[in-house]
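Have a look at the structure below before the remarks.
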There are 2 protein chains.
Amino acid sequence: MHKQEVTIYDVAREAKVSMATVSRVVNGNNNVSKETRDRVLEVIKRLHYQPNAVAQGLASKRTTTVGLIVPDLTNLYFAELSKGIDDIALLYKYNIIITSIENRLMKEDQVIQSLLNKQVDGVIYMANRLPNEAAEAFKRTNTPVVLAGTRNNRDEFASVTIDYKKADTEALNLLMHDGKKNLALVVGDEDAVVNGENRIPAYNEFIKENNLGEPHVYTGVKDYSDGYNLYPQLVKDGIDGIIVTRDISSVGILNSAIDAGKKIPEDLEIITASATQLASVVRPALTTIKQPLYDMGAVAMRMLTKLMNNEEVDETHIELPYELVKKQSTLNR
Amino acid sequence: MHKQEVTIYDVAREAKVSMATVSRVVNGNNNVSKETRDRVLEVIKRLHYQPNAVAQGLASKRTTTVGLIVPDLTNLYFAELSKGIDDIALLYKYNIIITSIENRLMKEDQVIQSLLNKQVDGVIYMANRLPNEAAEAFKRTNTPVVLAGTRNNRDEFASVTIDYKKADTEALNLLMHDGKKNLALVVGDEDAVVNGENRIPAYNEFIKENNLGEPHVYTGVKDYSDGYNLYPQLVKDGIDGIIVTRDISSVGILNSAIDAGKKIPEDLEIITASATQLASVVRPALTTIKQPLYDMGAVAMRMLTKLMNNEEVDETHIELPYELVKKQSTLNR
DNA sequence: GCTCTAAGTGCAAACGTTTACATCTTTTCT
DNA sequence: AGAAAAGATGTAAACGTTTGCACTTAGAGC
């Protein structure tokens, strides 16, 4: 990068005002007379002046940039959340620095630290767990954080989610009322807070309360082939109804069953807990717990803008409504 | 944001050296004695000092940040490209500012300008067209640009692609040799350079050279429902083999055909030109022109790092190998 | 006509780094 | 032993803004 070609100084000189006045014009401060403003604007246009956001950031201590921490860019669940975030960010003129943390070249807290060093004004966090070092770094720099589609162990940070327990219970009820006796839960990360503190407990309670025998929780089922390969085990365990947290895994299970000549939903009912494009595009289409992903992202970002402006936020743990959408992977009745 | 709690000054004072020395330690400059270095490092650790990247950016004129311009975050094609970019960016310690431009709140060149104002060291551009104002802004600020998975009308900018013409011709050949007589091309954006200058001409030439009658190019087929709704028209036009640029549209067509009781590939052969997860997950799985999306992203980012360092770049228009992967949506022979 | 207020503007000090240059030591070479 | 080279450190000027404060001017109120 070279030295900047045209700076606020050049504009000031050309418009015969001080740089302070140019700055005021640029920032829409109204303590500038109409004539001066017009003259400055004309010069800005003529010289193609564009303010240097880095210098602005240093001087004003606001970068109008937010950090986005996401496990995996190619996971549609996060992509749809991100889209909601992105739209609201654009509306409020924030830029987004995105970092995915599934890549293990760097540890989570290093990634976060590098984001904080960039002086982001706030962070939206979508990963499963928030390491302690990271939480401390956030507090130390006083950077607001909102968790989107995930939750912190001790609810220390603002969050936007759905009511996972209620959703899962409702889904399990659906399976039970369809006459299924052997219900299982298939999750990706066992140590994800949402799973560990919401989904798995909700499942266990449900099984116990309804005397459905031994609980079956399958963990570490993260992608298509994990799901595909899990299916034989499900058969062996006599499972006839499942809730799967990741829809790519659901599809793996679905295809595995079909390839084995089984009937969905007759032999196995499947409900997927994250309804992306994928779930509605496969055949049979998957019955889903439909999370309002776009809205969750949008609400999270909107909340973050408030936190960044030190505005009052009435509720920092927002639960958005979900919907249980029946498609073809459960019996239609 | 508050004033930074601990700065390079504090470290300097505490370690009894000048800030220049601290800076040298931080930046790994080796003109520092072992003892001094250790002392400084100890203080850095003790005070939790973290360099302010904004100040670094202003002083050094390098932000170690690159801009990523993408039409739509939830399109797996771009997500997979982005993943390749992201991994290499991490490797070279660049952060990524991502901006999607499908949202029409802001015009393309405004988005780009806002990125340039942030003083990104380089840009990877994945959108279909590069407006002139944007091209000029890039040149004015001397910011290197690499196009990934797309191309500029006049090849003014570095790019990483596959050989679209060759790939499409090969795919059309496959359809023709399967005995299909009425081949069509289904594209999203007609004015995308890749379509306008590569795919459509390749298709038209092929039809002409092989005396396959009237060409059928369907444009503006961008999403699932566009594809779904297009199918009846294909039937009406007697189409029996298609190449579809977007795989989400392919899936729409596929499902529409199946819902209409047709057989794929017997009644209609489908080849999709962007092989994401989606194409392999539906049944029948789609035959694809498999672009090495991850690698394309990675190569683009690697090239950008060279351009940003003013290193020699031997070839600025890289074509990576593709693969025609036969699955179930074409006849198996 | 005089004081007071407000609007419009400029001055200059921040913001937290990097880096060219200068200075002082120490080592190496003859 | 003396000169030259190399190594270690410090000084201070950038980088391009924002912003608190001070100043000027002009109109309002009396």
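Proteins come first, then strands; the chains are lettered A, B, ... in the order of their sequence lines, and each starts at number 1. All values below were derived from every heavy atom in this structure, side-chain atoms included, with hydrogens, water molecules and symmetry-related copies excluded.
Shortest non-hydrogen contact noted between A/N31 and A/R24 is O-CD, 4.4 Å. Here the closest heavy-atom approach between residue A/A300 and residue A/A148 is recorded as CB-CB, 3.9 Å. When every heavy atom of A/V123 is checked against every heavy atom of A/L304, the shortest pair comes out as N-CD2, 3.8 Å. Between B/S100 and B/P71 the shortest heavy-atom distance is CB-O, 3.8 Å. Between B/V66 and B/Y94 the shortest heavy-atom distance is CG1-CD2, 3.8 Å.
The nucleotide whose nearest atom lies closest to any side-chain atom of A/S33 is, among C/dC15, C/dG8, D/dT9, C/dG8.
Exactly one of A/T65, A/T99, A/I98 qualifies for a side chain to side chain contact (heavy atoms under 4.5 Å, CB included) with A/L115. That residue is A/T99.
Atom CG in A/N29 sits roughly 17 Å away from atom P in D/dT17 (whole-Å rounding). Rounded to whole angstrom, the span from the NZ atom of A/K61 across to the C1' atom of C/dA14 amounts to 7 Å. Nucleotide D/dT19 holds its C1' atom 15 Å from the CZ atom of A/R62, rounded to whole Å. Residue A/N31 contributes atom CG, which lies 15 Å from atom P of D/dT18 at whole-angstrom precision. D/dC15 atom P lies 9 Å from atom OH of A/Y9, rounded to whole Å. Going from atom NZ of A/K118 over to atom P of C/dC15 covers 22 Å, rounded to whole Å. If you measure from atom CG of B/L58 to atom P of D/dA13, you get 17 Å, rounded to the nearest angstrom. Look at CG on A/N52: it is 7 Å from P on D/dG16, rounded to the nearest Å.
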Mind listing the N/O atom pairs, protein and nucleotides 18-28 of chain C, below 3.5 Å?
| unit_1 | atom_1 | unit_2 | atom_2 | d |
| --- | --- | --- | --- | --- |
| C/dT18 | OP1 | B/N27 | OD1 | 3.4 |
| C/dT18 | OP1 | B/N27 | ND2 | 3.0 |
| C/dT18 | OP1 | B/Q56 | NE2 | 3.0 |
| C/dT18 | OP2 | B/S23 | OG | 2.3 |
| C/dT18 | OP2 | B/N27 | ND2 | 3.4 |

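Considering only residues two or more places apart in sequence or on other chains, A/A79 meets the side chain to side chain contact (heavy atoms under 4.5 Å, CB included) condition with A/L76, B/T74.
For the residue pair A/N117/A/Q113, the side-chain donor-acceptor check at 3.5 Å is satisfied.
Pairs of residues two or more places apart, or lying in two chains, that qualify as salt bridge (Lys or Arg N to Asp or Glu O under 4.0 Å) and include a residue from residues 131-149 of chain A are A/K139-A/E156. Listed by first and then second residue, the salt bridge (Lys or Arg N to Asp or Glu O under 4.0 Å) pairs involving residues 42-56 of chain B are B/E14-B/R46, B/E42-B/R46 (not counting sequence neighbours).
The residues B/K83 and B/D87 are annotated as not salt-bridged, no charged nitrogen and carboxylate oxygen being separated by less than 4.0 angstrom.
No engagement by B/V54 is indicated, since no non-hydrogen atom pair under 4.0 Å with the nucleic acid exists.
If you check residues 39-47 of chain A against DNA chain D, you find no residue with a heavy atom closer than 4.0 Å.
Within the structure, every side-chain polar atom (N or O) of A/T7 is placed at least 4.0 Å from both OP1 and OP2 of D/dG16. Listed pair A/T36 / C/dT9 meets the phosphate criterion, a side-chain N or O lying under 4.0 Å from OP1 or OP2.
The bend of the helix from C/dG1-D/dC30 to C/dT30-D/dA1, defined by the angle between the axes of its first five and last five pairs, stands at 30° to the nearest 10°.
For the pair A/Y125 and A/I101, the minimum side-chain heavy-atom distance is below 4.5 Å.
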